[in-house]
Amino acid sequence: MTDSFDLATLAIRSGYDQTPEQENSEAIFPTSSFRYHSAQQAADRFSGKEEGNVYSRFTNPTVRTFEKRLAQLEGGESCVATSSGMAAILSTFMGLLEAGDHIVSSQSVFGTTKVLFEKYLQKFGVEVTFVEQTNLTSWTNAITPKTKAFFLETPSNPLTEIADIRALSDLAHQHQILLVVDNCFCTPALQQPLQLGADIVIHSATKFLDGQGRVVGGAVVGPESIVGDAVRGFLRTAGPTMSTFNAWVFLKGLETLTIRMDAHCRQAQQLAEWLESHSAVERVFYPGLASHPQFDLAKSQQTGAGGLLSFRVKGGQEEAWKVIDQTQMLSITANLGDVKTSITHPATTTHARVSDEAKQKAGITDNLIRISVGLESLKDIQADLQRGLALL
């Protein structure tokens, strides 16, 4: 399909070549291997002389359809689908870096990402410096001659900090550094980092791309010369592969992506405004609120504020847990991006393995609650939260 189609159309129609069966819904190919017409064709496929399917660890028609569709939505040349969002991050840096290289990362990244950087990448000689996401000077000061990549989430999890992608892109490219942006909270429906100057986009497809909490997967999108070669080369050898069935589920999720993200944004905006006016709430973090420190920046680089918000209750962990435990409808789970609203306590779940010092720097306090706002009745979501808030 051509790039002239709107994103909503691309999310439904792009990336798929109909089989001779003339099906209207994308076919699923649950096969581990593929047959060849001759020994010569097999040799040509394995050597790369002829394009085509080889082995489902790195070539599968269903997975390829998801990759092509997401690449079009993000405006990228190439996409590599992986078994999870963490596998997407790992594949990117294992494919692009070597011992002695250096990453500058936002300190406001997912807790497991921080563990991956500190415990595992550094074991293989890759150094990582964590900086304040919204302070451009801190990024500048962290650059060394060995710096090969900047990494960040925007909005961040869970405080929804917004990074200036254009400014970080300019800084990175002045020093021949790659800018890698995790876009799983906005999705291409709300933000397209590649169009703002980023080099690579990361997704935990598990979140809003699926949208119904059904399967786990990830993706890396960017130029063919980077993603198509280095990242796919790592996946081909190491095998953190997206399953065929999961790819098919993600394709079905993409079909409703634009309408879901619009609805998530509307719900989250109204819930954030309600929480901000609540007497038991100390502070709300949501890019759609005028009180958010990067409110204007969010409006300039996103088409919506997203479905994720967090807030601090008056008190500490006891009060936060009381609010969470009083809910009867909301899902107490650390996953997000679902049509079902979820609620969690970041300090003891998503960021539990992060040091107390790192949590303090990232603003992960004991009284912080994160909500991924789903698509149930807003009245019912508010009533469920009110049960606990009324006790504070």
Side-chain angles (χ1 to χ4, degrees), residues 1-3 7 10-11 14-17 26 29 34 43-98 101 103 126 148-151 165 169 172-173 176-184 187-188 192-205 209 217-244 246-248 250-251 254:
M1 296 186 72
T2 68
D3 293 335
L7 189 137
L10 293 173
S14 66
Y16 184 65
D17 297 320
E26 295 84 356
F29 291 86
F34 302 87
D44 290 344
R45 290 278 181 89
F46 272 81
S47 69
K49 183 178 179 180
E50 177 184 305
E51 290 188 0
N53 298 313
V54 178
Y55 188 58
S56 278
R57 186 176 71 244
F58 57 98
T59 55
N60 179 278
T62 312
V63 177
R64 186 163 58 248
T65 298
F66 169 72
E67 291 174 335
K68 290 166 68 176
R69 186 166 297 179
L70 185 58
Q72 282 210 276
L73 295 179
E74 285 286 7
E77 293 177 347
S78 182
C79 174
V80 174
T82 61
S83 57
S84 68
M86 291 309 304
I89 298 172
L90 176 67
S91 298
T92 297
F93 291 118
M94 290 296 285
L96 296 175
L97 303 184
E98 59 186 40
D101 285 344
I103 301 169
V126 174
K148 294 297 191 296
F150 286 172
F151 180 81
I165 297 175
S169 170
H173 297 157
Q176 291 75 55
I177 295 169
L178 295 173
L179 177 59
V180 184
V181 177
D182 187 322
N183 194 34
C184 83
T187 81
Q192 295 179 320
L194 298 179
Q195 312 311 311
L196 297 170
D199 298 289
I200 295 173
V201 168
I202 299 284
H203 277 284
S204 173
L209 292 188
V220 186
V221 183
E224 178 66 29
S225 59
I226 301 174
V227 172
D229 293 338
V231 180
R232 189 172 297 281
F234 175 78
L235 178 128
R236 175 172 181 157
T237 302
T241 309
M242 178 179 285
S243 83
T244 306
N246 288 9
W248 184 82
F250 289 130
L251 284 168
L254 288 178

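In what follows, residues are counted from 1 in the order of the sequence shown.
Surrounding CZ of F29 are more than 12 heavy atoms belonging to other residues, nucleotides or ligands, all under 6.0 Å away.
Pairing each heavy atom of E74 with each of V201, the nearest pair is OE2-CG1, 3.6 Å. Between A87 and S84, the shortest heavy-atom distance links the atoms N-OG, 3.0 Å. Summarising the geometry of L251 relative to F66, their closest heavy-atom pair is CD2-CA, 3.6 Å, with the distance given to 0.1 Å. Nearest heavy atom pair, residue L194 against residue G76, reads CD1-CA, 3.6 Å. Heavy-atom minimum distance, V54 versus R45: CG2-O, 3.8 Å. Residues Y16 and R69 share a closest heavy-atom pair of CB-NH2, 4.1 Å.
Within the 4.5 Å cutoff, side-chain heavy atoms of R64 are placed close to those of N53. A heavy-atom distance below 4.5 Å is found between the side chains of F34 and N60. Inter-residue side-chain proximity for D199 and H173 is flagged as met; some heavy-atom pair is nearer than 4.5 Å. Counting only heavy atoms from C-beta outward, the side chains of H203 and P188 approach each other to under 4.5 Å.
Every residue two or more places apart in sequence or in another chain that forms a side chain to side chain contact (heavy atoms under 4.5 Å, CB included) with A88 is listed here: T82, I202, V220.
Distance check: M94 CE to T92 OG1 gives 11.5 Å after rounding to the nearest 0.5 Å. Taken to the nearest 0.5 Å, the CD atom of Q72 stands 5.5 Å off from the CG atom of L10. For the atom pair CG (L70) and CG (L209), the distance works out to 6.0 Å, reported to the nearest 0.5 Å. Taking OG of S169 as the start and CD1 of I177 as the end, the distance is 11.0 Å to the nearest 0.5 Å. Note that CD of Q192 and CG of N183 are 8.5 Å apart. Values are rounded to the nearest 0.5 Å. Note that the CZ atom of F234 and the CG atom of D229 stand 15.5 Å from one another [nearest 0.5 Å].
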| Would L7 and L73 count as a side chain to side chain contact (heavy atoms under 4.5 Å, CB included) if you check the C-alpha gap in whole Å, the side-chain angles of each, and the deciding distance to 0.1 Å? | CA-CA 6 Å; L7 189 137; L73 295 179; 3.8 Å; yes
| request: Determine, stepwise, if the pair F93 / V126 fulfils side chain to side chain contact (heavy atoms under 4.5 Å, CB included). | output: CA-CA 9 Å; F93 291 118; V126 174; over 6 Å; no
| query | Checking side chain to side chain contact (heavy atoms under 4.5 Å, CB included) for the pair V227/V221: CA distance, chi angles, key distance, verdict? | reply | CA-CA 7 Å; V227 172; V221 183; over 6 Å; no
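In this structure, E224 contributes its side chain and S78 its backbone to no donor-acceptor pair below 3.5 Å. Between the side chain of E50 and the main chain of D44, no donor-acceptor pair closer than 3.5 Å is present. A distance-only check finds a donor-acceptor pair linking the side chain of T241 to the backbone of R57 [under 3.5 Å]. Between the side chain of E77 and the backbone N or O of A71 there is no donor-acceptor pair closer than 3.5 Å. Proximity of a side-chain donor or acceptor of T62 to a complementary backbone N or O of W248 within less than 3.5 Å is not detected.
Classification of D17 and K68 as a salt-bridged pair holds, one side-chain N sitting under 4.0 Å from a carboxylate O.
Partner F151 forms a side chain to side chain contact (heavy atoms under 4.5 Å, CB included) with one of L179, I200, V180 and no other, that one being V180.
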